[in-house]
Amino acid sequence: MIYSFMENLTITYIKTHGQTLEMWSAIDIKNNLSVGHICMNVEKDNRIKFLDAWVHDDYRRRGIYRLLWETRWKYVNEEYKGYTIYAWCKETSLPLLLEKEFTPGEIVTYVEKKI
């Protein structure tokens, strides 16, 4: 599938063998470069955890994250009716999840300390 906003971009679906991980990769076919990905994990009890997404620094602000997200969203709506989807997200991703009518849970803050 090639998208007009970037004529050399394809979105490829990848299902891993022996695991429950499914992902989509955005590939710049002209430069043979992976420029983004988005993942999910299918869990027991009809639950799906939306996992990380990443877009290459040089390709940000072009709608690739949204395109990957919408591709995954369309897929789960077609293939996983009745499943509960959940995710942990950054503040910058929250508006998209709210747009899709996710219910926000508790706020979590990342902390670290070098020992």
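This structure is a prediction, so every number in the text was calculated from the model and none was measured. The figures that follow rest on heavy atoms only: side chains count, while hydrogens, waters and symmetry mates do not.
- In terms of hydrophobic clustering, with Ile, Leu, Val, Met, Phe, Trp and Tyr side chains grouped at heavy-atom distances under 4.5 Å, Leu97 and Tyr65 are assigned to a common cluster.
- A distance-only check finds no donor-acceptor pair linking the side chain of Arg47 to the backbone of Tyr83 [under 3.5 Å].
- Ile64 is not connected to Met23 by any chain of hydrophobic side-chain contacts under 4.5 Å among Ile, Leu, Val, Met, Phe, Trp and Tyr, and they are in different clusters.
- Residue-environment remark: NZ (Lys90) stays at or below the threshold of 12 foreign heavy atoms within 6.0 Å.
- Outside the 6.0 Å centre-distance limit, the rings of Trp88 and Phe102 are not counted as a close aromatic pair.
- Side chains of Ile27 and Val35 form no contact here, defined as non-hydrogen atoms less than 4.5 Å apart.
- Side chain of Thr71 to backbone of Leu67: a donor-acceptor contact under 3.5 angstrom is found.
- Side-chain contact between Tyr59 and Leu9 is absent, with no heavy-atom pair separated by less than 4.5 Å.
- Distance CD/Glu43 to CG/Asp45: 9.0 Å, rounded to 0.5 Å.
- Just one of Ile14, Thr16, Leu68, Asp52 meets the side chain to side chain contact (heavy atoms under 4.5 Å, CB included) condition when paired with Cys39; it is Asp52.
- For the atom pair OG1 (Thr103) and OH (Tyr86), the distance works out to 15.5 Å, reported to the nearest 0.5 Å.
- Counted within 6.0 Å of CD on Glu91, heavy atoms from surrounding residues, nucleotides or ligands total 12 or fewer; the atom is thus considered open.
- The local environment of CG in Asn31 is crowded, with over 12 non-hydrogen atoms from other residues, nucleotides or ligands closer than 6.0 Å.
- Distance alone, capped at 3.5 Å, places no donor-acceptor pair between the Thr20 side chain and the Asn41 backbone.
- Note on ring orientation: taking the six-membered ring where Trp is involved, the planes of Phe50 and Trp69 are perpendicular (angle over 60°, cut-offs 30° and 60°).
- Less than 6.0 angstrom separates the ring centroid of Trp24 from the ring centroid of Tyr75.
- Considering Arg72, Glu78, Glu70 in turn, Glu78 is the only one that fulfils the side chain to side chain contact (heavy atoms under 4.5 Å, CB included) rule with Lys74.
- A single hydrophobic cluster is not seen to contain both Met40 and Leu21; linkage of ILVMFWY side chains at heavy-atom distances under 4.5 Å, directly or through other members, places them apart.
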